[in-house]
Every structure is written in C-alpha cells, then in structure tokens.
Amino acid sequence: MKILFIDNFSFNFGIASISSVLKQSGHDVELLYYTFSKMKGIDIYRNPSKYYSFNKIADEIIGRKPDIIGFSVLSSNYMFYKNTAEAIRRRTDIPILTGGVFPTMSPDFFIENTCCDFVFRGEAEPVIVELIEKIALGKYYDVPNIVYREKGGTVVHNEMSSFVDDLDALPFYDKEVYPGVPFQLNMSTSRGCVNSCSYCSSGKYTRLTVRGGAGKVRKRSVDSIIKEIKQALRKWPYKEISFWDDFFITTPKWLSEFVEKYSKEINLPYNCIAFPAVINNEVASLLAGSGCNVVCMGFQTANEEYKKNVLRRRETKKQVAKAINHLEEHGVKYSLDHIFNLPGETKEHIEESLDFFINNKVKWVSIYFLNYYPDSDITKYSYDNGFIGSEQFSKIMKNELIGDQAFKGTIVDKKKSKEQVQYALLFRLINLLPAKWLKRMLKNDIQKRFPTNKYLYYSLSLLTLFKAQGFRRVLTFVNPYFKFRKNVCE
C-alpha cells in the first residue's frame, strides 16, 4: 500500500518513525513537504490560503495515487491541515488519517470540524501496519487508539492501549523522508515528560498516552543511540547532532555511559535540552567531556511565585544560577528560555528577569511569546482570571487565534502585545549594551520608543546569537524562517 504524508511545518519525529515502521513492513511511504517561512506573517497560521493554493495541493496529492493520506497536526499547522483535507475531500474519498499532539488531546474536535476519517491518539508504531491494512479492508473497528464515526453518526473512541514500552525495539527513524539542515542530525533518545507546565502539552500528552497514566520517561539504551548515529553518518557527513528530548539527562549512570561511548565512537559536537535542576558539577563535567556544545534550559521567568503558581515550574533562581556556573566552569555554552506575553505578568516581574540575566552574565536568551493553545492549562487559567474574554476564549478553543511563538504569540490585546515585543527587544540588547544602560532604559520606559518591526527583531536576534554561540547556531536558527531546505514542494 502507498501511504502519503502531508506536512508544512517543522521536522516531525512521529512521521519519520512511522515511515520506518511502514517501510520495514513493505509499504510505500512518501512525504509531500510544502515550504514554510515564518517571515510570511501571522496569516501563515490563521489563513494559509493567502500563501498556498489548496486546490493545486489536492491535485498533486491525488496525482500521487495514495491508498491512505496521513497528517500529524499541531496547533500551528492546523489550518493548513484543515484546508488541505477539505480540498482533498472535495475530489476523492481516499481515507484521511490524522494524528499528532493536537488530535490526541482533542479528538472529538477533529472528528466534528475537519474532514478526517480517523484520529489516531498517542503512539502509533505498534499498530500502524495493522491499522492501514484494516482500513483498506474496512475492518478497522478493533484497532486501539483510534477515534472514528460509525455510519449512523456515532463517534467511537477505541481504548488507548498502543504504547511503545521498549524504544530500542523500534527501527531507527527515516532520515530520508524529511528535508533538513544539511550539517545537523536530529536525534531522539527518549519519550515522555513528568512535568505539568501550564503552557505546554508535553506532560499532559505523556500522562494521557502512557499506559496507566503515569508520567513515565522511557530512555533508549546508549548502544542503540550510538548505532543509529553511526548508520546515519555512513550516509551523510553530519557535523553536529541535536538531541531534542525533554529529558536527555535522566541519571548520572546513563549519562556516564553515554559520554564514554559517544566520545570514543562518535565525537561530534552536540546540543541538548536539560532542566536546570539536574545540572551539577558532575553532569557539567560529563557534558563537556563528551563534546556538548550547547545546553538549552527552561527558565521562562525569574519570579518564583509566578513561576510556581501560574507556570507550574519548579526550579528556583538559585538552582538556575548554579547550573549556569557549573556549565561555564567547564566551558559548555548554554541558553535560557524566556516567555513574554504571560498573563498577569508585571513590569516588576520583567525587571526581575532582566536583572537575573544581567547579574548572571547570560549570553543568550531564547525568547518565546506565549501562544494560547486549546489544550494548555494556562488558557483556562487566563480565561478564569479575566486575561482573555469569552469571545477570545471561544476562538482559542477553535484554534483561531494561534500566533507565532517566536514573535508576538497569541494577540489578545494589541497594545500589550506591542509592549511585549518592546521588552523583548530590550532583552536582545543584553550582550550589546552596558548593564546600567539597560536597567536605566527599563526604569524610564525607553523601550516604549522601539519600533516593533519583525525584521528588526529577527536581525537583532541573529546578531546576539552569532555573538553568543557562533555562525552554525545562526544557520540552525534561521532555517524555519527562510527556505534553506531541499526537495520541497511549492
């Protein structure tokens, strides 16, 4: 059978992994990937028909003669998916299978509001071959994790029991299906998140999809990871590796084994994600010894009361400062995530964050702007506390106010949104201007004179990133904004 995946957003481990499983079973898998540039503006998320001809896309899809059409959907590419599915359905009755984070969290919304035939919730690898073969036969009723509508109109939710317990048992993800950054190999060493951050769906997704509802983090063996990297390097001369796990660092024992084998057998610079509380002197030493180039850490805001009560994050400023010191002592670069556009955050909170970055000589801050997602707890918090109105809440729940998390995020108040960008511009000057100037500028609201131009903001971001982490990190950063991809469809 031929399975055709459609996407227009960022690299998707789910599609790449399922592609390997299907190909291993003898099925034909293809991806139509449509270029995506954040420089096109917010309409790329809300009204993508301004940039895409969905009739032409549907014609191209049908021309590939697939047996099943598949999508993996996030809030950010929902409208692209919805328009594409509608254009397909106007022309053909080829089954449309939809999965990913958003459908997993809101399956009824997809069944009621889009042209999909099936929603798959959670992890599909154990049953995906069975599912597509049974769809072809019309006998899919007993496949776990699917949601579908019976002929009489009743929506059926099958039991969620498909779950990958042993990640080593999976084939390595398909490196050919997605275009990407030529010098960078994307890797995943684990699945799952134990946290419950209110602005993120990772922890909620894990508790929903993992057997028993536990917030379980499953880790691959070091030998499996090394084997996959070696296999990839035989096909392409990658220069660095990016590990995209929420929990790359789980235990010192796992990290020690990884460092020993990675240093001897791979020895390429790599980037990873870590929680500040797990970075101690031993961990920093191990990371440095294995060639870790950059550690990306969550921070979001310096005010601990707000962080604990609203964002539901647990690390303290003291823990973050210690993590920074340990990494710097061992020569490992790092970045701290910071979110603007948070509901109820005050100028005093922002000043506290600026002071923290200045006092700890933070060289690069990864700035994001809050998006209100239909399935995030901070959306309900903001509605309950009057930060978003009922009309706005209704649109958010239908995914109609999605924005760009790299610039402005969800706009519910245009004036406040402008102010948040101006604060972000001020933060971008941390490594370019003396600390006393920045503090004085914030105290006197000088940032309110800054133009909120997207091109200015991105240019300044690139300049500070180049100064902090070098040219290669700049190339990785700009990839989603421009068209540095190969083999794509216009």
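Residues: numbered from 1 along the sequence shown.
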Ring geometry between [Y] and [X] (parallel below 30°, tilted from 30 to 60°, perpendicular above 60°):
X: F243; Y: F258; value: perpendicular
X: Y458; Y: F407; value: tilted
X: F13; Y: Y173; value: perpendicular
X: H349; Y: Y306; value: tilted

Under 3.5 Å, side chain of T379 to main-chain N/O of D375, donor-acceptor pair present?
->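 No, T379 side chain to D375 backbone: no donor-acceptor pair under 3.5 Å.
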Applying the side-chain contact (heavy atoms from CB on, under 4.5 Å) test to Y270, which of V294, V295, N293, I241 qualifies?
-> I241
Between [X] and [Y], does the ring centroid distance fall short of 6.0 Å?
X: F102; Y: Y81; result: no
X: F80; Y: F9; result: no
X: F275; Y: F247; result: yes

Is the cationic atom of K448 (NZ for Lys, CZ for Arg) positioned less than 6.0 Å from the six-membered ring centroid of F450 and within 45 degrees of its normal?
-> no
Taking 4.0 angstrom as the limit, do [X] and [Y] come out as a salt bridge?
X: E351; Y: K347; result: no
X: E125; Y: R191; result: yes
X: E315; Y: K307; result: yes
X: K318; Y: E304; result: no

K416, NZ: over 12 other non-hydrogen atoms inside 6.0 angstrom =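 Counting other residues, nucleotides and ligands, NZ of K416 stays at 12 neighbours or fewer.
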Greater than 12 external heavy atoms within 6.0 Å of K317's NZ = yes
If you look at every heavy atom in E240 and Q184, which pair is closest and at what distance?
->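 Heavy atoms of E240 and Q184 come nearest at OE2-NE2, 3.3 Å.
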